[in-house]
Amino acid sequence: MALPALPVARGRNTGRPRAGMSAIERSRRRLYWPMLLPALLLMLLFYVVPILYAGWLSLHTWDGINELTWRGMDNYVQLAKDPIFIGSIANTLKILFVVGIITFVFAFALTMVLREMTGRKFVRSVLFFPTLINAMVFGIFAGFLFSPAGPVNKILALVGVQDPPKWLAQDNLFNLIMIVMIWSATGYFTTIIMSAVDQIPAYYYEAAGLDGAGPWTKFRHVTLPLAWDVISVCAVLWTMSSVKVFELILVFGGSTAQAPPTSTWATAVYVYQAAFGGGSREFGVSAAAAIVSLALVTVLTIGLRRMLRREAIEI
Amino acid sequence: MTHPNAWLKVATGAILATSVAFAASGCTTTSAATDDSSKSLTYWSMWTETEPQAAVLKTSLDAFEKDTGIKVDVQWQGRKVLEKVTTGLLSGDVPDLVDQAYDKIGPALAATNQAADLAPVLAAKIPGEDGHTVADVIPAKYFDILPSYGGDVKNYMVPYSVSNVSVFYNKANTVAPTPPATWDELLANCQKAVEAKLGCIAADGDATWANSYWFDYLVNRNMGDGAFQKLMEDKTGAAWDDAGVLKSAQQIQELVDKGYIIKGYDASKYPEQQNAWAANKALYFLMGSWAPAETAKYAAEGFEYGAFNFPSTSAGSSNANDTLLFGFAVPKKAAHPEEAKEFIAYFSNKDRMSGISTDADNLAARPDVEAPAQLADVAGILAENETRLPTDGISSDIIDKGFNPTFDKLFLGKVSAEEYVKEAKAASIAYWNAKG
């Protein structure tokens with residue numbers, strides 16, 4: 001997507017040839033729209049139109065089949081008054097910040113350790129492995145591992161713990177969900193950040209080492225600035241994926257196709273439940289909740305981009 | 001400089017052509033499938049092809065095709081079948097026949113006025129049974145309890161399979177072989193179980209849907225039929241002040257406080273404790289009639305499935321039994337509704353419906369079909385008692401959002417009965433306040 005070497009692509013592109021341009025530049029400008037249009041059309045058709053439609057839907061009452069009835073902003077008022085929706089937003093933010101920060105701290109720590117390790121390619125593959133596993137597997141496996149008479153408690157009993165924690169108790173459920181997320185996301189982001197770190201020439205580290213820099217200083221003054229672009233992209237990726245967390249919660253909390261406990265709902269679960277979960281089939285409310293999540297992720301992403309904006313440093 | 005211009009024309013043409021093709025292909029999906037004039041029947045099933053119920057239905061569908069010449073197109077969609085029907089209703093692509101539980105068909109088809117009236121099916125003669133109509137063989141009470149979900153059609157579903165919720169126990173147990181008829185007897189048996197170092201009641205902390213059967217039944221016994229619905233649908237929350245609510249909550253609290261619920265229930269995932277019950281680690285298990293089939297693999301040697309109706313709490317209390325119905329419905333927009341109705345009557349034949357019992361180990365909707373051995377008690381409970389729907393058939397949205405979160409706290413022993421009533425009342429008011 002980046003077009004670093006083409007000065008024409010920068011600045012205002014009106015597509016209109018101007019006098020005083022070279023022939024090649026003019027033809028390039030003429031091709032601007034034809035090249036852009038297919039992608040633009042697809043994006044309009046599959047992203048923008050559905051979003052606009054969801055916005056339109058969120059102003060109505062709809063059971064999914066019959067005609068829409070105008071409801072104005074009432075769906076949003078309903079959401080604002082619904083303690084379950086407020087709780088879902090709080091959970092989404094917890095996933096975004098708590099899980100996100102811990103994941104990135106782990107990813108950085110691993111990056112620092114792995115940079116100089118022998119066999120790091122292998123270790124990286126091992127770390128990446130959890131990302132490949134479907135969240136469902138964790139949900140089912142955790143139920144087995146942490147059950148009152150399960151392997152974890154049996155091992156604890158062997159080492160003398162007679163009163164083990166109630167792992168799967170409802171209070172712990174959301175924490176357990178967050179732990180699984182950290183576990184599966186760490187490998188993913190470590191892999192991406194590592195690939196950026198691999199591009200940093202070794203002599204920067206050597207030079208820093210000669211100047212007496214320890215691992216932390218090397219990380220702070222060499223790794224971080226030189227991998228900054230990739231890190232900020234990772235942060236945006238995480239923001240977007242955290243708002244979409246859905247199936248893990250559904251599998252962890254929901255037994256036999258029932259809704260998971262509301263204390264574990266994130267906004268995506270709320271959206272699903274409003275439309276398909278209960279007997280209510282409130283597609284309007286569901287659409288409103290989706291629009292609120294979209295607004296949330298947009299604001300957060302823009303904020304994050306601004307916060308992380310720095311001058312790119314060329315290697 | 002004609003080159004780029006020519007190129008531009010080609011490119012624009014290509015893009016236009018693609019977008020037209022896109023639009024065209026978008027249209028074709030909605031306008032297809034109206035050409036078959038011969039008799040046919042499209043059935044979308046709630047079962048997947050490998051389930052025994054599917055085999056039972058398939059046998060009858062094949063026979064139906066042979067007997068009537070109506071070509072049957074069956075799709076084994078699985079439990080989410082109605083979500084597909086809902087999407088299909090928008091594009092006009094709907095099956096002629098569909099099946100699910102009443103609480104799935106109701107909100108999807110009855111509430112939206114998309115279900116055909118099946119009253120004519122009730123009056124239809126069953127092929128192969130001289131003169132009997134569907135209404136003669138399927139009890140009227142099953143139709144009477146169906147909630148309308150605010151729709152216009154009352155008979156939107158004809159059940160072929162029934163489940164009910166009762167307390168299961170091992171008849172071969174030596175701790176308390178006689179089933180209790182009253183709440184006090186149940187508590188006395190629980191005491192015996194605890195003294196014998198056994199759990200009394202099996203439950204999984206995360207299966208709120210099953211645990212809430214206890215409260216739902218207690219409210220029904222203490223406050224009468226329809227009381228649970230009134231409690232949930234009271235927007236002012238005043239119904240929570242009724243003494244019967246506190247009494248029901250206190251009865252749950254007693255089970256928790258006295259350790260009558262199996263140890264570890266508050267940190268287990270369904271069906272962990274269900275299996276523990278089958279392994280004789282607890283005396284009682286309040287569950288739907290699918291419990292024997294689900295636990296068969298885990299059952300202790302010599303386990304004899306028995307069941308009793310939820311005990312009464314006082315002399316005059318209701319004896320209603322929670323019943324769940326599974327059956328057929330016909331979407332209003334179906335292309336071949338008559339064929340669908342014909343099949344419903346065809347499948348209501350005793351021999352054909354008996355496969356539900358003999359092959360699928362479920363209760364058939366016809367009481368004259370003999371129940372599978374492990375459900376003999378359950379069939380008796382169903383026949384002898386009044387019938388009600390779990391949670392009086394109210395929308396599961398209220399249950400999920402308004403009821404469950406606070407009920408969990410009571411059942412998991414985190415709040416006292418008094419605190420529970422206060423919190424539940426507030427939660428109920430908040431739910432209705434948000435609904436506006």
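Chain identifiers are assigned alphabetically (A, B, ...) following the order of the sequence lines, protein sequences preceding nucleic acid strands; residue numbering begins at 1 within each chain.
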If I take atom [atom1] from residue [X] and atom [atom2] from residue [Y], how far apart are they, to the nearest 0.5 angstrom?
| X | Y | atom1 | atom2 | answer |
| --- | --- | --- | --- | --- |
| Tyr431(B) | Lys81(A) | OH | NZ | 13.5 Å |
| Thr112(B) | Asp63(A) | OG1 | CG | 5.5 Å |
| Asn113(B) | Ile65(A) | CG | CD1 | 10.0 Å |
| Asp82(A) | Asn433(B) | CG | CG | 9.5 Å |
| Lys269(B) | Leu145(A) | NZ | CG | 12.0 Å |
| Phe276(A) | Leu82(B) | CZ | CG | 11.5 Å |

Using non-hydrogen atoms and a 4.5 Å limit, figure out which bit of Ala142(A) sits close to chain B: side chain, backbone, both or neither.
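Neither part.
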
Checking Ala108(B) against chain A: side chain, backbone, both or neither under 4.5 Å from a heavy atom?
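Both backbone and side chain.
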
Measure distances from Lys414(B) to the heavy atoms of chain A and classify the residue's part below 4.5 Å as side chain, backbone, both or neither.
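The side chain, not the backbone.
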
Looking at [X] and [Y], what are the two nearest heavy atoms and their distance?
| X | Y | result |
| --- | --- | --- |
| Pro405(B) | Ile84(A) | CG-CD1, 4.4 Å |
| Gln273(B) | Pro148(A) | NE2-CG, 4.2 Å |
| Arg71(A) | Lys435(B) | NH2-O, 3.6 Å |
| Asp400(B) | Thr262(A) | O-CG2, 3.4 Å |

Ion pair check, Arg281(A) and Asp397(B), cut-off under 4.0 Å:
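No, Arg281(A) and Asp397(B) are not salt-bridged.
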
May I ask you to check whether over 12 heavy atoms, not counting those of Lys281(B), lie within 6.0 Å of atom NZ?
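Counting other residues, nucleotides and ligands, NZ of Lys281(B) stays at 12 neighbours or fewer.
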
Stepwise, does the side-chain contact (heavy atoms from CB on, under 4.5 Å) test hold for Tyr270(A) with Lys401(B)?
CA-CA 10 Å; Tyr270(A) 189 96; Lys401(B) 291 188 193 161; 3.5 Å; yes

Pick whichever of Glu272(B), Arg79(B), Lys263(B), Lys409(B) has the most heavy-atom pairs under 4.5 Å with chain A.
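So the answer, after comparing Glu272(B), Arg79(B), Lys263(B), Lys409(B), is Glu272(B).
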
If you count heavy-atom pairs within less than 4.5 Å of chain A, which of Leu89(B), Asp266(B), Leu412(B) leads?
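Among Leu89(B), Asp266(B), Leu412(B), the one with the most close pairs to chain A is Asp266(B).
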
Testing the 3.5 Å rule here: is there a donor-acceptor pair between the side chains of Gln114(B) and Asn66(A)?
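A donor-acceptor contact under 3.5 Å links the two side chains.
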
